Amino acid sequence: MYRLLAERYPDAHCELDFTNPFELLVATVLSAQTTDVRVNLVTPELFRRYPDARALAGADRTDVETIIASTGFFRAKTESLLKLGVALMEQHDGEVPGRMVDLVKLPGVGRKTANVVLGNAFGVPGITVDTHFGRLARRFGWTAEEDPVKVEHAVGALIPRKDWTQLSHVLVFHGRRTCHAKKAACGACPIARLCPSYGVGETDPDKAAKLVRTAPPR
DNA sequence: ATCCCGAGGG
DNA sequence: CCCTCTGGAT
């Protein structure tokens, strides 16, 4: 299944173009519930003013809010970023840690954000159940929303470890271009013939989950 | 109207 | 499990 998806979206990649762990981490925190295009619009100014954890820890709240306003959730994100700067200084001497256990302890950083940083800044293969992944899982009758980590591991076992980071990008592209939240473009879907939801004619993942009872992947 | 590569809190 | 936080594109 992964091969079919990967062939369909050969240009899948991380659209947050940062190799610097600090910048990638901050940009990823900002990317929640927005498009990466919008994040890329505010990051130049943000990093000019706050190039590292130390600067971010001492940042002016209102300035940060103004800069990132267009990415949405700006108060919550600003709060996270200021705390993030402080936590990085206190816990890691201003450096971004390269391990999941450390990353998820940081304020505003969950498994999703941590995996983006691990995969694209540290070269550590990561696989995470994000909204696209969860949606895809529901279409197959899997229980992503009940136990995301279990599904994460189960699907991870199907994919060569070296491809995990790329897999997450492929899934995002698939979700954005084809497997939409409410009405999926099943006619253009490369894995439609494998999808139980397509079989029962349901393009809404939540309705599909009720109609479809498939064993989780192993 | 609906959605966006989410996280924290109740 | 639920809710909230937010703006912009389609």
Side-chain angles (χ1 to χ4, degrees), chain A residues 2 5-6 9 11-18 23-43 45-46 61-62 64-87 100-121 125-139 143-152 155-156 159 163-185 203-207 209:
Chain A
Y2 170 57
L5 290 171
Y9 312 105
D11 55 331
H13 63 284
C14 182
E15 297 184 347
L16 266 14
D17 194 22
F18 302 103
E23 294 189 348
L24 181 60
L25 176 57
V26 171
T28 307
V29 169
L30 289 181
S31 75
Q33 293 298 102
T34 331
T35 62
D36 295 329
V37 178
R38 220 165 304 290
V39 173
N40 289 330
L41 241 37
V42 306
T43 44
E45 174 66 4
L46 188 65
R61 186 176 308 269
T62 310
V64 175
E65 287 184 353
T66 303
I67 295 170
I68 70 171
S70 64
T71 67
F73 291 147
F74 67 90
R75 269 183 284 266
K77 286 175 182 174
T78 296
E79 191 64 27
S80 286
L81 291 185
L82 297 188
K83 286 185 185 168
L84 181 58
V86 172
M100 173 64 82
V101 277
D102 296 321
L103 283 167
V104 294
K105 286 177 188 163
L106 297 169
V109 180
R111 293 182 64 80
K112 177 63 190 47
T113 301
N115 265 132
V116 171
V117 174
L118 286 172
N120 299 285
I127 188 169
T128 297
V129 175
D130 60 16
T131 54
H132 294 307
F133 197 126
R135 195 189 304 154
L136 184 65
R138 287 201 297 283
R139 282 186 203 287
T143 55
E145 64 271 86
E146 290 158 31
D147 194 345
V149 177
K150 187 172 288 183
V151 175
E152 190 178 315
V155 175
I159 310 298
D163 292 336
W164 283 4
T165 297
Q166 184 60 17
L167 167 65
S168 67
H169 296 139
V170 167
L171 287 178
V172 169
F173 273 57
H174 182 245
R176 220 178 58 191
R177 297 189 186 170
T178 310
C179 197
H180 308 293
K182 290 289 185 187
K183 292 171 79 74
T203 58
D204 181 304
D206 289 315
K207 292 177 184 169

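As the structure is a computational prediction, the values presented were derived from the model and not from experiment. Just so you know, these numbers use all the heavy atoms, side chains as well, and skip hydrogens, waters and symmetry mates. In what follows, chains carry the letters A, B, and so on, assigned in the order in which the sequence lines appear, proteins first and then strands, with residues in each chain numbered from 1.
- Applying the side-chain hydrogen bond (donor to acceptor under 3.5 Å, both in side chains) test to Glu65(A) and every residue at least two apart in sequence or in another chain returns nothing.
- Taking the ring pair (Phe, Tyr, Trp, His ring centres under 6.0 Å) definition, one finds that Phe74(A) meets it with nothing, sequence neighbours left out.
- In this structure, Thr113(A) reaches the sugar-phosphate backbone alone: every heavy-atom distance under 4.0 Å involves primed, P, OP1 or OP2 atoms, never a base.
- Side-chain atoms of Asp130(A) and Ser168(A), non-hydrogen and from C-beta on, never get closer than 4.5 Å to each other.
- Partners of Arg75(A) under the side-chain hydrogen bond (donor to acceptor under 3.5 Å, both in side chains) rule, at least two apart in sequence or in another chain, do not exist in this structure.
- Between the P atom of dG8(B) and the NZ atom of Lys83(A) lies a distance of 9 Å, rounded to the nearest Å.
- Under the side chain to side chain contact (heavy atoms under 4.5 Å, CB included) criterion, Asp36(A) pairs with Glu15(A), Leu16(A), Ser31(A), sequence neighbours left out.
- Between Ala114(A) and Lys183(A), the residue whose closest nucleotide on DNA chain B is further toward the 5' end is Lys183(A).
- With rounding to whole Å, His180(A) atom NE2 is found 19 Å from dA9(C) atom P.
- Following rounding to the nearest Å, Leu25(A) (CG) and dA7(B) (C1') show an atom-to-atom distance of 13 Å.
- Between Tyr9(A) and Thr178(A) the shortest side-chain heavy-atom distance falls below 4.5 Å.
- Near DNA chain C, defined here as any heavy-atom distance below 4.0 Å, there are no residues from residues 171-179 of chain A.
- In this structure, of dC5(B), dG8(C), dG6(B), it is dC5(B) that holds the atom nearest to the side chain of Thr35(A).
- Between Leu16(A) atom CG and dC5(B) atom C1' there is a gap of 9 Å when expressed in whole angstrom units.
- Across all strands, His169(A) comes closer than 4.0 Å to base atoms (heavy-atom distances).
- Residues meeting the side-chain hydrogen bond (donor to acceptor under 3.5 Å, both in side chains) test with Thr34(A), sequence neighbours left out: Lys77(A).
- Asp36(A) has its CG atom 14 Å from the C1' atom of dA9(C), to the nearest Å.
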Item to check | Bracket string, DNA chain B, 5' to 3' - pairs by Watson-Crick or G-U geometry under 3.5 Å, | interstrand | outcome: ||||.|||||

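- At a threshold of 4.0 angstrom between heavy atoms, the contacts of Thr34(A) include nucleobase atoms, whether or not backbone atoms are also involved.
- Of the residues in residues 66-77 of chain A, Ala69(A), Ser70(A), Gly72(A), Phe73(A), Phe74(A), Arg75(A), Ala76(A) come within less than 4.0 Å of DNA chain C through at least one heavy atom, sorted by number.
- Rounded to whole Å, the distance from CZ on Phe133(A) to C1' on dG6(B) is 16 Å.
- Enclosure of atom CG in Asp17(A) is not indicated, since only 12 or fewer non-hydrogen atoms of other residues, nucleotides or ligands lie within 6.0 angstrom.
- Taking side-chain N and O atoms only, Gln33(A) has no distance below 4.0 Å to OP1 or OP2 of dT6(C).
- Looking at residues two or more places apart in sequence or on another chain, you find a side chain to side chain contact (heavy atoms under 4.5 Å, CB included) between Thr35(A) and Val37(A), Arg38(A).
- Every residue two or more places apart in sequence or in another chain was checked for a side-chain hydrogen bond (donor to acceptor under 3.5 Å, both in side chains) with Asn40(A), and none qualifies.
- For residues 103-112 of chain A, proximity to DNA chain B is found at Leu106(A), Pro107(A), Gly108(A), Val109(A), Gly110(A), Lys112(A), defined as any non-hydrogen atom under 4.0 angstrom from a strand atom.
- Comparing the C1' positions of dT6(C) and dT2(B) gives a spacing of 15 Å, expressed to the nearest Å.
- Side-chain contact between Val26(A) and Thr43(A) is absent, with no heavy atoms from C-beta onward closer than 4.5 Å.
- Comparing dG8(C) with dA7(B), their P atoms sit 22 Å apart, to the nearest whole Å.
- For the pair Leu84(A) CG and dG8(B) P, the computed distance is 10 Å after rounding to whole Å.
- For the atom pair CE of Met100(A) and NZ of Lys105(A), the computed distance is 12.5 Å after rounding to the nearest 0.5 Å.
- Put simply, CG on Leu30(A) is 12 Å from P on dA7(B), counting in whole angstrom units.
- A distance of 12.0 Å separates NZ of Lys207(A) from CZ of Arg139(A), quoted to the nearest 0.5 Å.
- Shown here are the side chain to side chain contact (heavy atoms under 4.5 Å, CB included) partners of His169(A), two or more places apart in sequence or in another chain: Ala12(A), Cys14(A), Asn120(A), Thr165(A), Gln166(A).
- Considering only heavy atoms from C-beta on, Phe133(A) comes within 4.5 Å of Ile127(A) through its side chain.
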